[in-house]
Amino acid sequence: MMEPNPNPNPISSSLLLFLLFFTPTMVAPLGINYGQIANNLPLPENVVPLVKSIGATRIKLYDADPHVLKAFANTGVEFIVSLGNEYLSKMKDPSKAQSWVKNNVQAYLPATKITCIAVGNEVLTFNDTILTDNLLPAMQSVHTALVNLKLDKQVTVTTAHSLAILQTSYPPSAGAFRRDLVNCVTQIVDFHCKTGSPFLINAYPYFAYKGNPKQVSLDFVLFQPNSGIVDPESNLHYDNMLFAQIDAVHSALASIGYKNVCVQISETGWPSKGDADEAGATPENARKYNCNLMKLIGQKKGTPMRPNSDLNIYVFALFNENLKPGPSSERNYGLFKPDGSQAYPLGVPAINAVSTNSSNSGGSGSTLSASVPPASSSSGYLAITSDSGTSLSPCKTLLLYFVSFGLWKKLDNYYHL
């Protein structure tokens, strides 16, 4: 269990009061990913005003950190808590699943509004047969635990997928899942339909630009004014890549017989800093991506294929995380720096105070019975540039771009780049 820093420098009380009563302009639910792979982050109680300052009403955790869940009690903020990939095999055991739910979900209700449990992260694109075989049984076991505890009406069970589960994503109307994953995805989506849970996708237009900045329009990926593209099959017009990706997922779901599944974007974001070979990772581009995205969410604007559906999006991430492995961009996706100051202008009151918890290095610390493993950040989250939790080789990176965003020849033809 994590211990707080015994000598924190708390945010000033006047600033806390100002932010607690600050009324943001956001009118639609904004989600934010709260990762903690760092040793210099503010204590959870000092994160509450930061979340309020950007108008976020939903948080996705990569574990079930008790300090975070206690800090957000009675705030009305909705939580997705998570179980890492490393615990899928254990969660197939009904008794262990029930112990986990009792200790990490039921114990915080109703004060903390936990509405969903994410079991695993990007499991299907690890191409690990054992992990894949354990995923759905683990989800079913956790759901059964919720039923037994009479919590299934208020807490759902889901899992987050990489966009690389798509075989085809362009044009959006031709979206289709990888042929080798269709059977598994179909079973998971059937579970979602039966239990009323959302289908989660992690989508990053940044990777498309980073992979080929000369051919991918920066304005198209940053929600800036541009001529956009027209889907030649549906005749729908797209002025940004994220909406095209979301609708490709809608099309893929429809292709296997599911037209009315709730799709949520569980991760999307843009880094404010990167290595020399990471094109586009700048504070200005990160500001444009995230601020423009938050404006769209606030307008309750749907995608061309689902114009009347509110966007369900979780921005990645709340903080820069200094202990994440991989290229520099991995440690610079935060809207905020560890001291609470904005990584770049967000259009909301700034915070310059600090309060760190130097003992926090991984975001774990859930209270569990001895026979059940503690919740912790999934290995799939450690490197979001990868579909397997580790940095990709050049060949795998190229393959991922081809799978996720379509052949560049098609981009030339249809995006007019």
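Each residue takes its place number in the sequence, starting with 1. Note that this is a predicted model, so its numbers are computed, not measured. Side chains are part of it too, since the values below use all heavy atoms of this structure and drop only hydrogens, waters and symmetry mates.
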>> Please report the interatomic distance CD(Glu122) to CG(Leu131), rounded to the nearest 0.5 Å.
In response: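 CG of Leu131 is found 12.5 Å from CD of Glu122.
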>> If I take atom CG from residue Leu166 and atom NE2 from residue His161, how far apart are they, to the nearest 0.5 angstrom?
In response: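 These two atoms lie 10.5 Å from each other.
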> side chain to side chain contact (heavy atoms under 4.5 Å, CB included) between Val263 and His250: does it pass, once the steps are laid out?
Replying inline: CA-CA 8 Å; Val263 174; His250 284 135; 3.6 Å; yes
Tell me, do [X] and [Y] make a side-chain contact under 4.5 Å, heavy atoms counted?
X: Ser53; Y: Phe336; answer: yes
X: Val221; Y: Asn240; answer: no
X: Thr195; Y: His143; answer: yes
X: Leu242; Y: Ile313; answer: yes
X: Arg331; Y: Ile37; answer: no
X: Phe126; Y: Thr132; answer: no
X: Trp270; Y: Leu222; answer: yes
X: Phe191; Y: Thr158; answer: no

Will you find, in the side chains of [X] and [Y], an N or O donor that is under 3.5 Å from an N or O acceptor?
X: Tyr344; Y: Asn290; answer: yes
X: Ser173; Y: Asp231; answer: yes
X: Tyr204; Y: Glu267; answer: yes
X: Asn285; Y: Tyr209; answer: no
X: Ser95; Y: Asp93; answer: yes
X: Ser328; Y: Asp275; answer: yes
X: Ser266; Y: Asn202; answer: yes

>> Is there a side-chain hydrogen bond (donor to acceptor under 3.5 Å, both in side chains) between Asp247 and Tyr238? Walk through the geometry before answering.
In response: CA-CA 10 Å; Asp247 278 353; Tyr238 291 86; 2.7 Å; yes
Please confirm whether the backbone N or O of [Y] pairs with a side-chain atom of [X], one donor and one acceptor, at under 3.5 Å?
X: Asn85; Y: Asn121; value: yes
X: Ser162; Y: Ala164; value: yes
X: Asp190; Y: Thr186; value: no
X: Asn320; Y: Gly334; value: yes

> Is Asn235 atom CG crowded by more than 12 heavy atoms from other residues, nucleotides or ligands, each under 6.0 Å away?
Replying inline: no
Between [X] and [Y], what is the shortest heavy-atom contact and its length?
X: Pro94; Y: Ser141; value: CA-OG, 3.5 Å
X: Met91; Y: Ala97; value: O-CB, 3.7 Å
X: Ala71; Y: Val48; value: O-CG2, 3.6 Å
X: Ala56; Y: Ile32; value: CB-CG2, 4.1 Å
X: Gln264; Y: Arg58; value: NE2-NH1, 4.2 Å
X: Ser197; Y: Thr156; value: CB-CB, 3.7 Å

> So Tyr108 and Val81, side chain to side chain contact (heavy atoms under 4.5 Å, CB included) or not? Walk me through it.
Replying inline: CA-CA 12 Å; Tyr108 300 99; Val81 296; over 6 Å; no
> Would Glu278 and Lys210 pass as an ion pair if we require N to O under 4.0 Å?
Replying inline: yes
> Taking 4.0 angstrom as the limit, do Lys113 and Glu78 come out as a salt bridge?
Replying inline: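 Yes, this pair counts.
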> Under the ring-ring contact (aromatic ring centres under 6.0 Å, His included) test, which residues partner Tyr314, sequence neighbours left out?
Replying inline: none
> How are the rings of Phe72 and Phe79 set to each other: parallel, tilted or perpendicular (split at 30° and 60°)?
Replying inline: perpendicular
> Are Tyr289 and Tyr206 an aromatic pair by the rule of ring centers under 6.0 Å?
Replying inline: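 Ring centres of Tyr206 and Tyr289 not closer than 6.0 Å.
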>> Ring centroids only, cut at 6.0 angstrom: are His192 and Tyr258 within range, meaning strictly under it?
In response: no
>> As a quick check of understanding, evaluate side chain to side chain contact (heavy atoms under 4.5 Å, CB included) for Val47 and Val68, giving each step before the final call.
In response: CA-CA 9 Å; Val47 174; Val68 174; over 6 Å; no
>> Go through it in stages, so that I can follow the logic: the residues are Val119 and Ile117, the test is side chain to side chain contact (heavy atoms under 4.5 Å, CB included), and I'd like the CA-CA distance, side-chain angles, deciding distance and then a yes or no.
In response: CA-CA 6 Å; Val119 178; Ile117 302 169; 4.1 Å; yes
> Should Asn33 and Tyr62 be marked as a side-chain hydrogen bond (donor to acceptor under 3.5 Å, both in side chains) after you check the CA-CA gap, both sets of side-chain angles, and the distance that decides it?
Replying inline: CA-CA 8 Å; Asn33 284 272; Tyr62 291 89; 2.9 Å; yes
> Which residues pass the side-chain contact (heavy atoms from CB on, under 4.5 Å) test with Lys301, sequence neighbours left out?
Replying inline: Asp239, Phe243, Leu296, Gln299
